[in-house]
Amino acid sequence: MKTQVEGIKLEIIQGDIAAQEDMEAVVNAANAHLKPGGGVAGALHKAAGPGLEQEGSKFAPIKPGEAVITGGHNLPNDYVIHCLGPVYGKDEPSDKLLASCYKEALRIADENNISSVAFPALSTGIFGYPMEDAAKIAFETIFEKAKELNKVSHIRFVLFDKKSYDVHENVLSEIKN
């Protein structure tokens, strides 16, 4: 699914976040210490190689809602923006912290003259955020932040499975209308 928000191309695809060759930056659903883990962090660290963890360690630990940027190392992307999303039911206010992840990632991308950025569904894996609620926060935040962006012209959501894709497609359709 593709749409436009304030002149920015916004799309949703099903795929592998570590294989987004046409995107300048990918967003890592990071842990506080920016170490390899499961899910998105595991996939990105595996593809990027040990340099990603080494570079990231100087920024650790980060707090929920925060984001930092590193190089892409062996990924096909120039940059990785690491965001620590909230653990649902633990890190509060979870909605504000999750929105902050998207705001901070987009701010960092814009400040670094990055035109294209790919996001996973932050906090929806082992951090337990309900997918539909997380998608609503993500898209509402992007719609709000889009008018402030000068460099970012392409935002992609890369969803791991069909169910996640369908949820994001439905939420985006609702928000657009």
Side-chain angles (χ1 to χ4, degrees), residues 1-30 38-44 64-67 75-77 79-110 114-177:
M1 175 179 191
K2 294 180 185 176
T3 190
Q4 291 276 323
V5 181
E6 301 286 336
I8 296 170
K9 179 180 176 182
L10 175 60
E11 68 177 328
I12 306 168
I13 67 165
Q14 184 181 337
D16 179 356
I17 191 77
Q20 301 305 305
E21 296 179 3
D22 60 334
M23 303 303 282
E24 279 184 82
V26 291
V27 175
N28 179 19
V40 171
L44 289 175
E66 292 183 345
L75 287 164
N77 320 96
Y79 304 98
V80 177
I81 300 172
H82 307 265
C83 295
L84 178 57
V87 174
Y88 190 72
K90 178 179 177 239
D91 299 318
E92 296 297 338
S94 61
D95 58 337
K96 304 250 185 310
L97 292 170
L98 184 56
S100 178
C101 287
Y102 289 99
K103 288 177 188 171
E104 286 299 298
L106 291 169
R107 178 189 60 77
I108 287 170
D110 220 45
I114 296 168
S115 63
S116 57
V117 59
F119 283 95
L122 294 171
S123 282
T124 61
I126 61 167
F127 285 9
Y129 216 105
M131 184 74 66
E132 191 170 332
D133 295 344
K136 188 172 193 286
I137 290 165
F139 293 131
E140 286 175 349
T141 303
I142 288 169
F143 275 65
E144 174 190 316
K145 186 83 177 154
K147 54 187 158 271
E148 302 169 18
L149 300 174
N150 297 308
K151 301 295 181 189
V152 176
S153 60
H154 186 179
I155 298 169
R156 174 181 295 155
F157 275 78
V158 182
L159 291 315
F160 183 71
D161 58 25
K162 176 88 167 96
K163 182 180 174 197
S164 302
Y165 176 91
D166 290 344
V167 168
H168 280 74
E169 183 178 51
N170 291 338
V171 170
L172 182 55
S173 294
E174 286 173 19
I175 291 173
K176 271 181 46 185
N177 299 329

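This is a predicted model, so every value here is computed, not measured.
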Can you confirm whether [X] sits close enough to [Y] that some side-chain heavy atom of one is under 4.5 Å from a side-chain heavy atom of the other?
X    : Y    : answer
L106 : I155 : yes
L10  : Q4   : no
P120 : V158 : no
L159 : I12  : yes
E104 : C83  : no

Could you check whether any side-chain N or O of [X] sits under 3.5 Å from a backbone N or O of [Y], counting only pairs where one atom can act as donor and the other as acceptor?
X    : Y    : result
N77  : M23  : yes
D91  : S94  : no
D110 : V152 : yes

Considering residues at least two apart in sequence or located in another chain, which fulfil the side-chain hydrogen bond (donor to acceptor under 3.5 Å, both in side chains) criterion with [X]?
X    : result
K90  : none
S173 : none
K136 : E140
T141 : none

List for me each residue that meets ring pair (Phe, Tyr, Trp, His ring centres under 6.0 Å) alongside H168, sequence neighbours excluded, and say none if there are none. F139, F157
Across all chains, not counting sequence neighbours, the ring pair (Phe, Tyr, Trp, His ring centres under 6.0 Å) partners of Y88 are Y129
Of all the heavy-atom pairs spanning [X] and [Y], show the shortest one and how long it is.
X   : Y    : answer
L97 : P64  : CD2-O, 3.4 Å
A41 : A29  : CB-O, 3.7 Å
H82 : N28  : ND1-ND2, 3.0 Å
V27 : I17  : O-CG1, 4.2 Å
I81 : A105 : CD1-O, 3.6 Å
A30 : L84  : O-CD1, 3.2 Å

Using the side-chain contact (heavy atoms from CB on, under 4.5 Å) criterion, which residues pair with [X]? Sequence neighbours excluded.
X    : answer
Y79  : A25, I69, I114
E144 : K103
N170 : none
K147 : E6

Does CZ in F143 sit with more than 12 non-hydrogen atoms of other residues, nucleotides or ligands closer than 6.0 Å?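 Yes.
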Does atom CD of E21 have more than 12 heavy-atom neighbours from other groups under 6.0 Å away? no
Rounded to the nearest 0.5 Å, what's the gap from [atom1] on [X] to [atom2] on [Y]? Could you check?
X    : Y    : atom1 : atom2 : value
M131 : D161 : CE    : CG    : 6.5 Å
Q14  : D166 : CD    : CG    : 8.0 Å
I8   : L149 : CD1   : CG    : 4.5 Å

With sequence neighbours left out, what residues match E66 under salt bridge (charged side-chain N to carboxylate O under 4.0 Å, His left out)?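 None.
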Side chain to side chain donor-acceptor pair (under 3.5 Å) contacts in which one or both residues fall within residues 149-160, not counting sequence neighbours: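 Of all non-adjacent pairs touching residues 149-160, those that pass side chain to side chain donor-acceptor pair (under 3.5 Å) are E11-H154, E11-R156, Q20-R156, D22-R156.
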